[in-house]
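In each ligand, atom 1 is the first atom listed, and ligand 1 is the first ligand listed. The residues of the chain are indexed from 1 along the displayed sequence.
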Amino acid sequence: MRDDSQASTSIWMATATTPSQSRLKESIRTDVCIIGAGIAGLSTAYLLGREGRSVVVLDDGLIGGGMTGRTTAHLTNAFDDRYVEMEKIHGAEESRLIAESHTAAIDKVSEIVTSEKIDCAFEWLDGFLFAQTPDDLQLLHDELAAAHRAGLVVEKVSRAPIESFDTGVALRFPRQAQFHPLTYLAGLTRAMMRDGGRMFGETHATKIEGGSPARIETSHGPVVTSDVVVVATNTPVNDRVAIHTKQAPYVTYVIGIHAPKGSVTRALYWDTGDPYHYVRLQSVNDHDVLIVGGEDHKTGQANDGHERYGRLEQWTRERFPQAGEVQFRWSGQVMEPVDGVAFIGRNPLDDDNVYIATGDSGQGMTHGTIAGMLLTDLIQDRKNRWEDLYSPSRVRVKSLPEYASENINVAGQYADYVTAGDLKSESEIRPGEGAIIREGVSKLAVHRDEAGAVHKLSAVCPHMGCIVAWNSTERTWDCPCHGSRFSAEGKVYQGPANSDLSAAE
Ligand SMILES: Cc1cc2nc3c(=O)[nH]c(=O)nc-3n(C[C@H](O)[C@H](O)[C@H](O)COP(=O)(O)OP(=O)(O)OC[C@H]3O[C@@H](n4cnc5c(N)ncnc54)[C@H](O)[C@@H]3O)c2cc1C
Ligand code: FES
């Protein structure tokens, strides 16, 4: 949650300053309490504020200090789990609703940018999907037909408009967009506060209970009571099991590389790899930065980020020979729902006035905006035809194989209790590094800081007891089960865990 928990800095963090918000100092009452100041929470807060509801937003870090500050901010209706798959899992009508809702989200962002005069470099662009290998040409063909059936205007072109390499046949998705996510959030926050909304930073929600009224306890003591609570913490910190078996956490990597201004056609680009590469440009001063992402892996199940950055760089240089120096390297986490679609709506097995938004996959900019629109309708007691599609309680029989595979993977992580540590002794840990060390029957998360001092924590994740793993590129402890992440000192900054790693006994 605090953006200083991770070692890397995104291009957005480097090119925008976020004013700090004071912490909640006294108990308050509001209509709607929203936890999380990322795109999902702030879109919801802004839209509810427009309708005259009193809103309070709490965040324990900076505005956009979560994954919204680490995104690449493609705004797209070219669904990354593919319409052809969505039709199979959800059905043809639902596939149309997916296309409709993502298109509406891009339009909504554009409308807000215009009406609130937000200076966030919003730009309409074409998007191009091209085959990673010739074997994927059939996929492009099938996806074109499925996107048409979903109601999108998409066309096949002989190649994407990149002069330096021939992508081969590509699909062109018109009216996609990009923006600077942090300056967009700053604009949303300003407008939300103008409408009477209140925003508190440095305020960790420690306990979230629905009911009449809902009650949110915070780290320094004050309590928020509200008619409704929205948990927009990227992955719900109030839900122990239900949602976390239906989505899986993946780390994804990004580089930002210098490119002479105008040397690459401005557009969004994606290939069909698994994991896929995603590419866009951002102008900075007198040059462009080519932003290239990919190389995803399951959180906590690989610790080779430097090699992954290297492969991204090589991929980029082979296709864009004009690329210069690498200026940014960062990573973040995405939540992959087993059936491809986000979970937005009432929290399963909870009071009726508790809502969540999660399972964004690589499309959190649109999913977060959809959350704003859909949750506003639900909270205002209006019908919304996307409700069933995004319902967190839904079960799609055709996604059961993916569900089983992700949960077998999680079950396998508990074997870490009986394996050896990464290293035999703490003396082998270099400054700035961490490792899991076995001490009798316990496993310890041991970090040696740059000054050489050793810090020992329990390696047991407070969510459901898996053993965390060291992430050398971000200097974090990452849980391989459901994606909780902790700073080197053990401070939780990403759920579902909602408390820190405990001290070693
Ligand atoms: C590298 C990368 C590239 C991506 N590229 C794209 C892209 O091109 N297009 C796209 O659409 N999506 C993309 N995504 C996904 C997208 O960025 C995310 O899905 C989206 O930003 C999530 O927004 P959010 O509001 O749900 O969560 P966040 O932005 O993470 O916000 C959650 C907030 O909740 C706060 N919080 C958590 N727990 C508590 C608590 N207990 N108390 C108080 N506050 C709390 C956190 O501090 C945080 O600020 C990408 C993601 C990554 C990592
Ligand atoms: S995130 Fe669930 S056990 Fe760690």
Per-atom contacts of ligand 1 with [X], taking only distances under 4.0 Å to non-hydrogen atoms:
X: D360; value: 18 (C), 19 (O), 20 (C), 22 (C), 23 (O), 26 (O)
X: G36; value: 33 (C), 34 (O), 35 (C)
X: T252; value: 1 (C), 2 (C), 52 (C), 53 (C)
X: G332; value: 53 (C)
X: A205; value: 40 (C), 41 (N), 42 (N), 43 (C)
X: V254; value: 1 (C)
X: A40; value: 25 (O), 26 (O)

With backbone taken as N, CA, C and O and side chain as the heavy atoms from C-beta onward, which portion of [X] lies under 4.0 Å from ligand 1: side chain, backbone, both, or neither?
X: A232; value: backbone
X: T68; value: both
X: Y278; value: side chain
X: Q333; value: backbone

List ligand 2 atoms under 4.0 Å from [X], heavy atoms only on the residue side.
X: S484; value: 1 (S)
X: C466; value: 3 (S)
X: G465; value: 3 (S)

Close aromatic pair by centroid cut-off 6.0 Å: W470 and H447: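 Centroid distance W470-H447: below 6.0 Å, so yes.
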F130-F128 aromatic ring centre distance below 6.0 Å: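 Judged by ring-centre distance (under 6.0 Å), F130 and F128 do not meet the cut-off.
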Do [X] and ligand 1 have an N or O pair less than 3.5 Å apart?
X: T72; result: yes
X: D60; result: yes
X: T233; result: no
X: I35; result: no

Would the pair C481 and C466 meet an SG-SG distance criterion of under 2.5 Å?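 Their SG atoms fall under 2.5 Å; a disulfide, then.
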Using a distance-only test with no angle check, is there a side-chain donor-acceptor pair under 3.5 angstrom linking T473 and Y253?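 Judged by distance alone, the side chains do not pair up.
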For the residue pair T9 / R329, report whether a side-chain donor-acceptor contact shorter than 3.5 Å exists.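 Checked: R329/T9 side chains show no N/O donor-acceptor pair below 3.5 Å.
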Rounded at 0.5 Å granularity, tell me how far OG1 in T235 sits from CG in N498.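 Result: 11.0 Å between the selected atoms.
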Y250: what forms a ring pair (Phe, Tyr, Trp, His ring centres under 6.0 Å) with it, not counting sequence neighbours?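 Expected list: none.
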Just so I know, are the side chains of Q494 and S484 near enough to count as touching, which here means a heavy-atom distance under 4.5 Å?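 Not in contact.
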Taking C-beta and beyond as the side chain, do W315 and D271 meet within less than 4.5 Å on heavy atoms?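 Contact flag for W315/D271 side chains = yes.
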Once you restrict to heavy atoms under 4.0 Å, what part of C479 touches ligand 2? Side chain, backbone, both or neither.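 The answer is the side chain of C479.
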Only counting residues at least two apart or in another chain, list the ones meeting side-chain hydrogen bond (donor to acceptor under 3.5 Å, both in side chains) with D478.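 For D478, the residues satisfying side-chain hydrogen bond (donor to acceptor under 3.5 Å, both in side chains) (neighbours in sequence not counted) are N471, T476, R485.
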Using the ring of each side chain (for Trp, its six-membered ring), is H244 parallel, tilted or perpendicular to H463, with breaks at 30° and 60°?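 H244 and H463: perpendicular rings.
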Evaluate ring pair (Phe, Tyr, Trp, His ring centres under 6.0 Å) for H102 paired with H367, printing each intermediate quantity in order. CA-CA 7 Å; H102 285 267; H367 271 140; 4.7 Å; yes
Nearest option to atom 31 (O) of ligand 1, as decided by whichever heavy atom of G368, G38, A105 sits closest: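 Closest candidate by heavy-atom distance is G38.
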Answer yes or no: is there an ion pair linking D351 with R346, defined by an N-O contact shorter than 4.0 Å?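 No, D351 and R346 are not salt-bridged.
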Report the name of the N/O/S atom of H463 located nearest to atom 2 (Fe) of ligand 2.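 For H463, the N, O or S atom at the smallest distance from atom 2 (Fe) of ligand 2 is ND1.
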